[in-house]
Amino acid sequence: MFHDYAKVLIFALAGAGLVVLGMFLGGLLRPKRDRDAPGLEPYECGEEPIGSAWFRFDIRYYTVALVYIVFAVEIAFLFPWARVLKTAFADPSIGGVAFLEGVLFLAILALGLAYVWRKGDLDWVKELSKNRPDGSPDLTETTEDQD
Amino acid sequence: MYELLLSTAIALAVVLAFITVAAMFFVYAERKVAGWIQHRVGPNRTGGFAGWAQSIADSIKLLLKEDLILRGADRRLFQLAPAVVMASAFALFVVLPFGPGLIVADVDLGVFLILAIASVTTIGVIMAGWGSYNKWSVYGAMREAAQVASYEIPLGLSLMPPILYFGTFSLKAATEAQTGSFGMGWYLFSDAFWIAIPSFLLFFVAALAENKRAPFDLPEAESELVAGFHTEYSGIRFSFFFLEEYAAMFVFSAVGAALWLGGWNFPGIHLLEPGSTLLLVLATASFVLKAFFLVFIMMWVRWTVPRLRIDQVMTLGYKYLTPLSMAMALIAAGWEYVKHLGAQA
């Protein structure tokens, strides 16, 4: 069994090695670049780039990552359950309890999904309506009393 | 020990040859399929007959192109990214059962290992996007992170029904369980076919998103992000991302074929003598053809369905596929319990 996992590692290393080999072969064949030659600016469709490319991106990506971590960890726990369920049924001391536990686990998972759904974290485009579920202030109102 | 190393080296050489030849074929096939669907010819000059040498010419050209690393780029991330991506693409092939006895290593984690290694690709893509020092690339990387993260949940859950049915993670064991009496005991035709069909569709859609294939190709959306995370990659370094994409497409199609479509089994396999060369050849051909067929459907989808918007991608992933795949996992577990109760009575 140890050897099997060693093979996974060997294959991964070989994949990385292929990149090194490809770069080496390409290095023999391709033209050498003059270090001061132009063309090392980021491509922005012909415009000169303004500011750093490492800009601050939307917080929504962070929320998605958080939601993912919760679910991914729980699914990782669900996999062994799915694997042994049949053998658990056959064991009279466990039997239907194995099924019930899976139902319970998935129910908690569904509850978590329902929570983030209700909280609006699954909506990519946030609605600025008056009745936000978390009771936060309505942002559309302030712009209206200008005229 | 010596024999083990030798067998690993042979397996490695075979997989290396398979990945490069298959990827070249897929690149050519993709363009031909696109041409066919859009009523054009596609590549038809290079090499004479039907432009068969197009991919070979392309690879030679990519090798000859100069290698660009932007001023200001994170050189280490930029150079390491293709290696990370390729390492994961290669490691995915270890657990694929190509034919009876034709498997690099029947690791007991099987599909779970594939899920785990496939997510490493995402890290490579994020490294590439962030290290490029280009705004388009950073956008592509962030989209990749958000998209793959959302679709990994339905992908994992849609694998539950077959795992529950076979009671194993090993793709080899799952394939062997699908031989049936005529080589047609496929999961798709089993007593649980009404669970298998929707879960297969869920798996397929989630796999499309996981491999950033159209209509989920937001990380590299040409019309919005130039080329997304690989905008600043040139020459041979760029080609590794493509090699990985096609390798991953094959792997996910192969997982679909092994778990739902009977793997290497084909009607009439029971007539052949076990262990014979003919059986080995036909079984391997059957497995590879099934996987190629699914890859063809992925190409078909690409040229048929328009790209989704990022909010649509999120809605589909979290609000439709996730609850549906959770329900399918629950139903599949319930069906196993019902069958168990029925067998007891």
Side-chain angles (χ1 to χ4, degrees), chain A residues 1 3-5 7-16 18-20 22-23 25-27 29-31 33 39-45 49 53-55 57 60-61 64-65 67-68 71-72 75 78-79 82-87 89-90 96 99 102-103 106 109-110 113 117 122-125, chain B residues 4 8 12 16 63-68 70-71 82-83 86-91 93-94 104-108 112-113 133-135 138 142 145-146 149-150 152-153 156-157 160 163-164 167-169 226 231-232 235-237 240 310-311 314 318-319 322-323 326 329-330 333-334 336-337 340:
Chain A
M1 192 37 72
H3 288 149
D4 287 349
Y5 287 102
K7 281 180 189 170
V8 179
L9 186 66
I10 291 170
F11 267 63
L13 290 176
L18 187 71
V19 175
V20 176
M23 290 313 294
L25 278 179
L29 296 167
R30 64 176 170 243
R33 246 194 91 82
L40 289 182
E41 304 303 320
Y43 177 74
E44 290 195 8
C45 312
W54 294 323
F55 57 90
F57 44 85
R60 284 177 296 189
Y61 290 105
V64 168
V67 173
Y68 164 69
F71 280 102
I75 284 166
L78 209 52
F79 263 88
R83 164 76 172 77
V84 298
L85 192 68
K86 265 182 149 177
T87 29
F89 284 156
F99 175 60
V103 174
L106 272 166
L109 207 65
L113 184 71
W117 196 325
L122 300 184
D123 298 319
W124 194 254
V125 183
Chain B
L4 189 76
T8 313
L12 194 60
L16 175 67
L63 261 177
L64 296 174
K65 288 292 171 189
E66 66 178 8
D67 179 41
L68 288 174
L70 294 190
R71 204 174 285 134
M86 282 305 289
S88 88
F90 260 67
F93 277 79
V94 172
V104 179
D106 186 21
V107 179
D108 52 4
F112 195 57
L113 194 75
Y133 199 68
N134 180 313
K135 286 164 196 145
V138 177
M142 295 328 289
S150 336
E152 210 141 274
I153 301 160
L157 282 169
M160 293 294 170
I163 293 171
L164 284 161
T168 177
F169 287 153
V226 185
T231 307
E232 299 296 354
I236 192 76
R237 219 193 279 276
F240 290 119
I310 182 85
D311 62 311
M314 291 298 151
Y318 275 119
K319 294 189 177 172
T322 303
M326 270 159 101
L330 206 57
E336 288 309 318
Y337 190 49
H340 168 71

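Remember, predicted model here, so these are calculated numbers, not experimental data. We name chains A, B, ... by the order of the sequence lines, and we start the count at 1 in each one.
- For B:T231, the part lying under 4.5 angstrom from a heavy atom of chain A is the side chain only.
- Heavy-atom distances place the side chain of A:K86, and not its backbone, under 4.5 Å from chain B.
- Residues forming a side-chain contact (heavy atoms from CB on, under 4.5 Å) with B:L64 (at least two apart in sequence, or on another chain): A:L29, B:I60.
- If you measure heavy-atom distances from A:L9 to chain B, you find no contacts under 4.5 Å at all.
- Within the 4.5 angstrom heavy-atom criterion, atoms from both the backbone and the side chain of A:I75 approach chain B.
- At a threshold of 4.5 Å between non-hydrogen side-chain atoms, the residues A:L78 and B:L157 count as touching.
- For B:A146, the side-chain contact (heavy atoms from CB on, under 4.5 Å) criterion is met by A:Y61, A:V64, B:M314, not counting sequence neighbours.
- Between the A:R83 side chain and the B:G167 main chain, a donor and an acceptor come within less than 3.5 Å of each other.
- With a threshold of 4.5 angstrom between heavy atoms, B:A89 does not approach chain A through any atom at all.
- In this structure, A:F11 and B:L16 have side chains that are not in contact, with every pair of non-hydrogen atoms separated by 4.5 Å or more.
- For B:Y318, the parts lying near chain A are the backbone and the side chain together; criterion is any non-hydrogen pair under 4.5 Å.
- Residue A:A65 does not touch chain B at all, counting heavy-atom pairs closer than 4.5 Å.
- Between B:Y133 and B:E232, the side chains place no donor N or O within less than 3.5 Å of an acceptor N or O (distance only, hydrogens not considered).
- Only the backbone of B:K65 comes within contact range of chain A, judged by heavy atoms closer than 4.5 Å.
- Only the side chain of B:V226 has a heavy atom closer than 4.5 Å to any heavy atom of chain A.
- Taking 4.5 Å as the limit, every side-chain heavy atom of B:V107 sits out of range of all side-chain heavy atoms of B:F169.
- Between chain B and the options A:W117, A:W54, A:F99, the largest number of non-hydrogen pairs under 4.5 Å is found for A:W54.
- Neither the backbone nor the side chain of B:A145 has a heavy atom closer than 4.5 Å to any heavy atom of chain A.
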